[in-house]
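Everything below concerns the one structure shown next.
Lettering follows sequence order; numbering is per chain, from 1. Just so it is clear, the model here is predicted, and its values are computed rather than measured.
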2 protein chains.
Amino acid sequence: MAETAPSDPFQAEPALASRLRLAVVRLNRRLRAQRTDSTVTLTQMSALSCLYKFGPLTPGELAAKERVQPPSMTRVIAALEEHGLASRRPHPSDGRQAIVSITDAGLEFVRAEVTARERWLDHRLAELTDAERELLARAAEVIDRMAGT
Amino acid sequence: MAETAPSDPFQAEPALASRLRLAVVRLNRRLRAQRTDSTVTLTQMSALSCLYKFGPLTPGELAAKERVQPPSMTRVIAALEEHGLASRRPHPSDGRQAIVSITDAGLEFVRAEVTARERWLDHRLAELTDAERELLARAAEVIDRMAGT
DNA sequence: TATTGTTATACTCTATAACTATA
DNA sequence: TATAGTTATAGAGTATAACAATA
């Protein structure tokens, strides 16, 4: 049944790119599955966090920061508006643009961070050692920097 | 109330769960965007790697290992079969089940690992320091373990 | 009746192409 | 003509529900 794969590089010493890729794909999948309360999706949360961090932005700026194409961001912004977490107003000097801001409800939502998704990950993190959590904290910075390149 | 954090925990000292979540969401997005050669998607690659690592598995076992629901895996297996990277044969003793194996072409594909996606990540990794790569290698193990919980 | 897997359907996420409005 | 944004459309990824086949 199981013919073991002898002396192959992938199993014995998988390349870092592969290991990291698989780890990220799988954790992303698990995170997206945690949406039982589901007021806001993972993608919307990411954009909302961006508004929280950087303040009001145009749709184009938001798309650039999140590294998605403008049409993708259009839909995310529409969803955030529907939920009352972000609002849009006209640009003061350029009629083509808009300014998207986080609302008070959005601020509260980001600060609360009590989604099922967050709880699931919090529980997983709580099972780790202090050293492992420290490791992940530093890795998260490196990963985010790479993803923003 | 859970008043366990300072007034602005997210921006000043973001919780580990949030930082890791955002980092994973964003790197996943970048990885999925790298599919210019696109013979095999990221999800298919993940399942193929699983067959490579563990040997022949039933669809149910594969779904369990990848932490997806069986109908999702049905589609992934069908795509891998279409590409000639995996094959299915009847279970010897249980007519309900099947055995999915990686083919020679699939082995070659996994070993080659020369997709555009992989190259993109390789380049990003090459820009890091040795210490950062070591950090990510250890983090990948922890992340994969958490995702498999 | 329980288990394994597939089919049908739907929703999220994201992209590219085409369009509108403004500069 | 160039830029910012939206609409239209499509494909990947995933889920749940309903079904068929086998145990």
I want to check one thing: is the phosphate of dT14(D), taken as OP1 and OP2, less than 4.0 Å away from some side-chain N or O of S72(B)? no
Using whole Å, what does the distance between atom P of nucleotide dC13(C) and atom CG of L42(A) come to? 7 Å
Is there a side-chain contact between R32(B) and the phosphate of dG13(D), meaning an N or O under 4.0 Å from OP1 or OP2? yes
How about E66(B) and R29(A): do any of their side-chain heavy atoms sit closer than 4.5 Å? yes
Atom-to-atom span, NE2 of H91(A) to C1' of dT3(D) - whole angstrom: 13 Å
Given dG5(C), dA15(C), dA2(D), which nucleotide is nearest the side-chain atoms of T58(B)? dG5(C)
One should read off an interatomic distance between R96(A) CZ and T58(A) OG1, to the nearest 0.5 angstrom, of 11.0 Å
Measure the distance from CG on N28(B) to P on dA15(C) and round it to the nearest whole Å. 12 Å
One should read off an interatomic distance between L136(B) CG and L121(B) CG, to the nearest 0.5 angstrom, of 9.0 Å
R88(A) side chain N/O closer than 4.0 Å to the phosphate oxygens (OP1, OP2) of dT6(D)? yes
Check every strand shown and say whether P70(B) touches a base, only sugar-phosphate, or nothing at a heavy-atom separation below 4.0 Å. base
What's Q69(A) touching, base or sugar-phosphate or nothing? Going by heavy atoms closer than 4.0 Å. base
If you find the nucleotide of DNA chain D closest to Q44(B) and the one closest to M73(A), which residue's nucleotide is nearer the 5' end? M73(A)
Whole Å only: how far is the CG atom of L62(A) from the P atom of dT6(D)? 11 Å
Can any side-chain N or O of T103(A) pair as donor or acceptor with the backbone N or O of L85(A) at less than 3.5 Å? yes
Taking the side chain of P59(B) as heavy atoms from C-beta outward, which of dT6(D), dG5(C), dG13(D) is closest to it? dG5(C)
Determine: side-chain N/O of T43(A) to OP1/OP2 of dT14(C), distance under 4.0 Å, yes or no. yes
Between dA4(D) atom C1' and E61(A) atom CD, what is the distance in whole Å? 11 Å
Please tell me which of V76(A) and T74(B) maps to the more 5' nucleotide of DNA chain C, matching each residue to the nucleotide holding its nearest heavy atom. T74(B)
Between N or O atoms, less than 3.5 Å apart, protein on one side and nucleotides 18-20 of chain D on the other: list the pairs.
none

Nearest-Å distance for atom pair CZ/C1', residues R29(A) and dT12(C): 15 Å
Spacing of CG belonging to D130(B) relative to CD belonging to E132(B), to within rounding of 0.5 Å: 9.5 Å
Is there a side-chain contact between L62(A) and L51(A), using heavy atoms and a 4.5 Å cut-off? yes
Rounded to whole Å, how long is the line connecting atom CG of D94(B) with atom P of dA23(D)? 5 Å
Considering just the side-chain nitrogens and oxygens of T41(B), establish if one lies under 4.0 Å of OP1 or OP2 belonging to dG13(D). yes
R133(B) (side chain) donor-acceptor with L128(B) (main chain) under 3.5 angstrom: yes
Could you work out which one of dA10(C), dG5(D), dT6(C) sits closest to the side chain of R75(B)? dA10(C)
For atom CZ of R67(A) and atom P of dA15(C), their distance in whole Å: 12 Å
Hey, does S46(A) reach any base, or is it just sugar-phosphate, or nothing, if we go heavy atoms under 4.0 Å? nothing
So does E141(B) pair up with R138(B), basic N to acidic O under 4.0 Å? no
